[in-house]
Undergrad: 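Before anything else, here's the structure in question.
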Amino acid sequence: MQIGAHALVFTGVFDEAGITLAIEKTKLAGFDLIEIPLMDPWTFDRHLAARLLREHDLAATASLGLNDSTDLTSSDPAVVAAGERMLEECLDIVHAMGGTRLCGVIYSAMKKYLQPATSAGRASSAAAINRLATRAEGLGIHLSLEVVNRYETNVINTGRGALEFLDEVGHTNVSVHLDTYHMNIEESDQFSPVLDVGDRLGYVHIGESHRGYLGSGTVDFDSFFRGLSRIGYDGPIVFESFSSAVVSAELSNTLGIWRNLWQDSDNLAAHANAFIRGQLRAVETIALH
Ligand code: MN
């Protein structure tokens, strides 16, 4: 099992200095893995990232949310094609970095929709994800679809909703990506969805209810980690936190990061690494009872 941190904990700018800082600090905080947001894959220096990851013995995953010009649920075939091109580029970047996972809101735009998803929009997205999953499989990369709250997509807002969509995608190289921050808004609790998703859970984000320090909000982490233990989950677990202290031109506004919930990335990250590993150790000992 790999424990990771989202790079936005450390930097919102992915130039040479930003990539270097994020990789060094993620390793320093004690994580095994860094999740790199590829909101702008066309400018991302994959070779620099690959070299630094090797030097720091750190694994990498990548994530992104699509936008209006790359939305796979769009009724405009040119927009869907642009989304597929962008995701194909992301797959190439993950491959170049030696990574094996691409996740996030890769099935629709990441935004507040003003109407429900249409059946044609869902079908368009499911077909595109199916094609991408085949391409990804050839590169040894697995896709996970992130379940997010109703203000960030109209396609999948719950774990069970994600299972329905996975059935529409119909490809074994695609799994569910759960995030405790979004679950806290949409799900009945933090335990049942983990059991419902079961062996189709492929990726996890750990975020607090206000996206700040773990343990300082209302997310029921005890139940969530018991759920992970119960299903024998051993995939990536990645800490995600956002503050106006670290600003990304692409992500901060989309996610509504208006407040400063922390200022010291190093302290936040070290705390999260210890918190997650502590929770995992605690549920591991349940087997001894
Ligand atoms: Mn997330």
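One-based numbering, in listed order, for ligands and for the atoms of each. Position 1 is the first residue of the sequence, and the numbers go up from there.
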Undergrad: Does the separation of the ring centres of Phe275 and Tyr213 fall below 6.0 angstrom?
TA: no
Undergrad: What orientation do His205 and Tyr203 show, parallel under 30°, tilted 30 to 60°, or perpendicular over 60°?
TA: perpendicular
Undergrad: What I'd like to find out is whether the side chain of Ser63 reaches to under 4.5 Å of the side chain of Leu102, using heavy atoms alone.
TA: no
Undergrad: Output yes when Asp32 and Lys27 qualify as a salt bridge under the 4.0 Å nitrogen-oxygen rule, no when they do not.
TA: no
Undergrad: What protein atoms of element N, O or S are positioned under 2.8 Å from the Mn ion (ligand 1)?
TA: Glu146 OE2, Asp179 OD2, His205 ND1, Glu240 OE1
Undergrad: Do Ser244 and Trp258 get their side chains close enough for a donor-acceptor pair, meaning under 3.5 Å?
TA: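 Note: Ser244 and Trp258 side chains miss the donor-acceptor criterion.
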Undergrad: Would you call the rings of His6 and Phe242 parallel, tilted or perpendicular if under 30° counts as parallel and over 60° as perpendicular?
TA: perpendicular
